[in-house]
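Keep in mind that what you see is a predicted model, and the values were worked out from it rather than measured. A note on names: the letters A, B, ... follow the listed sequences, proteins ahead of strands, and every chain is numbered from 1.
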Protein chains: 2
Amino acid sequence: MTRTQPPRRQLHPEEQARFEAFLRSRDLKCTDERKALLDAVFASKHHFDADSLHLALRQKGNEISRATVYRTLDLLVQCGLVRKQSLGDQHAHYEAVHGDEHHDHLICLNCDTVIEFFKPDLEAMQDSICLEFKFKPLHHNLQIFGICRACQAKGTEGLDLAHRVSQLHA
Amino acid sequence: MTRTQPPRRQLHPEEQARFEAFLRSRDLKCTDERKALLDAVFASKHHFDADSLHLALRQKGNEISRATVYRTLDLLVQCGLVRKQSLGDQHAHYEAVHGDEHHDHLICLNCDTVIEFFKPDLEAMQDSICLEFKFKPLHHNLQIFGICRACQAKGTEGLDLAHRVSQLHA
DNA sequence: GTCCATGCAAAGCCTTTGCAGTGTG
DNA sequence: CACACTGCAAAGGCTTTGCATGGAC
């Protein structure tokens, strides 16, 4: 197995292609930083924030600035490859969009675990509400804050839950 | 009709009583600033943010500092009289809680109108999801972003909607 | 060669906090 | 009369921006 490998494998070809098409369509440039960031985003299985993405990139040896992280995330969101969400604290969270799937979130106020779920009935019901108000939906967001199963079992809840609820900002 | 009026009418007796009970229960004090802020909150019909509340208070002649506005809003949220929400931009929004009602929001990305709605079926469905995950819900939040009926009619939508969606942060 | 992109550092915005003085209970 | 509350100003956290340099096409 000593076949020559290409110097840089394309890790997420489909998303890469979509991003490049988006960039071309706007006369933007496909830089190394942008490619590296796309890879890092699609390598992540879960939610992340700008800072942890920045850190992950640096740890992989990509000397990329925080400013570029923000600028590129913005592009990815506009291009539909990334979603930006608030999960109840003061900073933005992001997640890679795989295919067309949409899911909502259960967020544990005790251990910060985020459980994703998808319920078609729920989406249908939202559509019917929009119809009722003649509102054209573009995006939605449902978050349920509470205590996850594990934390209920541990019984460690309730330290300063009242305060966390008040700080939800969501 | 020249009956003597009390020097300061209690504008929102029920909420005032609840707030005072809350304060007493924590050995906190019922100051003029806190009373004025409560009044201002319940005088507002819609959503507001900390800054506009601060402004409204000053315009009514209450020299209250921004710090106290934040501190008191926090108390009101903990006491359940106010809800704190993110409506897609970078700062927190608040709304007075009248009774036990809960509602969700349709948010127009073109004119920023917020339409409130309540759908019991939706709440029930959320409960069933929580049951499924053995998740104990404490608070939830559903926002649907899009274009309201009026803006669809005006056809003024779509200026930089993509960018607004990307900035949702929600 | 022309713009666009990057990094840096500074500024921005909203929010929180330390401190000294003031007022409530 | 103790302890909580206020205002002020400064700090804080996250994000954006201006500017000069470097890079893609």
Side-chain angles (χ1 to χ4, degrees), chain A residues 8 16 19-38 47-55 57-58 62-79 82 84-94 160 163-164 166-170, chain B residues 19-38 47-55 57-58 61-78 82 84-94 160 163-164 166-170:
Chain A
R8 186 176 188 285
Q16 199 105 209
F19 191 32
E20 284 174 20
F22 170 83
L23 292 174
R24 266 194 303 278
S25 76
R26 297 200 178 192
D27 284 311
L28 303 178
K29 296 178 178 167
C30 187
T31 64
D32 290 344
E33 288 84 353
R34 287 176 180 169
K35 282 185 243 173
L37 198 137
L38 183 79
H47 299 265
F48 56 89
D49 54 34
D51 212 47
S52 53
L53 180 62
H54 181 228
L55 191 67
L57 280 161
R58 302 220 134 196
N62 294 292
E63 291 298 321
I64 193 169
S65 74
R66 219 184 299 272
T68 297
V69 170
Y70 280 106
R71 287 188 274 232
T72 308
L73 278 172
D74 193 7
L75 290 174
L76 286 169
V77 171
Q78 287 182 46
C79 152
V82 165
K84 188 175 182 180
Q85 305 213 246
S86 162
L87 293 180
D89 41 17
Q90 324 295 8
H91 63 281
H93 294 248
Y94 300 86
D160 62 343
H163 192 256
R164 282 223 55 187
S166 83
Q167 290 315 311
L168 272 181
H169 184 272
Chain B
F19 191 33
E20 285 175 19
F22 170 83
L23 292 173
R24 265 195 303 279
S25 76
R26 297 198 178 195
D27 284 311
L28 303 178
K29 294 178 179 168
C30 187
T31 63
D32 289 344
E33 287 87 352
R34 288 177 180 170
K35 282 185 243 174
L37 198 138
L38 183 78
H47 298 263
F48 56 89
D49 54 33
D51 212 47
S52 54
L53 180 61
H54 181 226
L55 192 68
L57 279 162
R58 302 219 136 198
N62 294 291
E63 291 298 321
I64 193 170
S65 74
R66 218 184 298 271
T68 297
V69 170
Y70 280 106
R71 288 188 275 232
T72 309
L73 278 173
D74 193 6
L75 289 174
L76 286 169
V77 172
Q78 287 182 45
V82 165
K84 187 174 183 181
Q85 307 214 243
S86 162
L87 292 179
D89 41 17
Q90 323 296 7
H91 63 280
H93 294 248
Y94 299 86
D160 63 343
H163 192 256
R164 282 224 53 190
S166 85
Q167 290 316 312
L168 273 181
H169 183 274

Between the protein and nucleotides 23-25 of chain C, which nitrogen or oxygen pairs come in under 3.5 angstrom?
residue	atom	partner	partner atom	Å
C:dG23	N2	B:Lys29	NZ	3.2
C:dT24	O2	B:Lys29	NZ	2.8
C:dG25	OP1	B:Cys30	N	3.2

Is there any protein nitrogen or oxygen under 3.5 Å from a nitrogen or oxygen in nucleotides 7-10 of chain C, and what are the pairs?
residue	atom	partner	partner atom	Å
C:dG7	OP1	A:Glu63	O	2.7
C:dG7	OP2	A:Ser65	N	3.0
C:dG7	OP2	A:Ser65	OG	2.9
C:dG7	OP2	A:Thr68	OG1	2.6
C:dG7	N7	A:Arg71	NH2	2.8

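Residues A:Arg71 and A:Glu33 form no side-chain contact, since every pair of their non-hydrogen atoms from C-beta on lies 4.5 Å or further apart. With contacts defined as side-chain heavy-atom distances shorter than 4.5 Å, the pair B:Leu37/B:Leu76 qualifies. With contacts defined as side-chain heavy-atom distances shorter than 4.5 Å, the pair B:Arg34/B:Leu23 qualifies. Put simply, the side chain of B:Lys84 does not reach to within 4.5 Å of the side chain of B:Leu73, judged on heavy atoms.
If you take CG of B:Asp49 and P of C:dT15, they are 8 Å apart, rounded to a whole angstrom. Atom-to-atom, CG of B:Leu87 to P of C:dC14 comes out at 15 Å; the value is rounded to the nearest Å. If you take CG of B:Asp51 and P of C:dT16, they are 13 Å apart, rounded to a whole angstrom. Here the P atom of nucleotide D:dC5 and the CG atom of B:Asn62 are 18 Å apart, to the nearest Å. Following rounding to the nearest Å, B:His93 (NE2) and C:dT15 (C1') show an atom-to-atom distance of 14 Å. Per the geometry, NE2 belonging to A:His54 stands 13 Å off P belonging to D:dT15, to the nearest Å. The separation between A:Asp89 atom CG and C:dT16 atom P is 13 Å, rounded to whole Å. When rounded to the nearest whole Å, the span between CG of A:Leu73 and P of D:dC14 equals 15 Å.
Distances from the side chain of A:Arg34 to the nucleotides C:dT15, C:dA5, D:dC14 place C:dA5 closest.
A:Cys30 approaches A:Glu20 most closely through the heavy-atom pair SG-CG, 3.7 Å. Shown here for A:His93 and A:His91, the closest heavy-atom pair between the two residues is CD2-O, 3.3 Å. Residue B:Asp49 comes nearest to B:Ala92 through the heavy atom pair CB-O, 3.5 Å, listed as atom of the first residue, atom of the second, then distance. In plain terms, the two heavy atoms of B:Leu75 and B:Phe19 that are nearest each other are CB-CE1, 4.3 Å.
Computed from C1' positions of five pairs at each end, the angle between the two local axes of the helix from C:dG1-D:dC25 to C:dG25-D:dC1 equals 40°, rounded to 10 degrees.
Residues passing the side chain to side chain contact (heavy atoms under 4.5 Å, CB included) test with A:Ala21, sequence neighbours excluded: A:Arg24. Under the rule for a ring-ring contact (aromatic ring centres under 6.0 Å, His included), B:His54 has no partner lying at least two apart in sequence or in another chain. Residues that satisfy the side chain to side chain contact (heavy atoms under 4.5 Å, CB included) test with B:Leu55, not counting sequence neighbours, are B:Gln59.
Contact annotation: A:Tyr70 side-chain N/O to D:dT16 OP1/OP2 distance is not under 4.0 Å.
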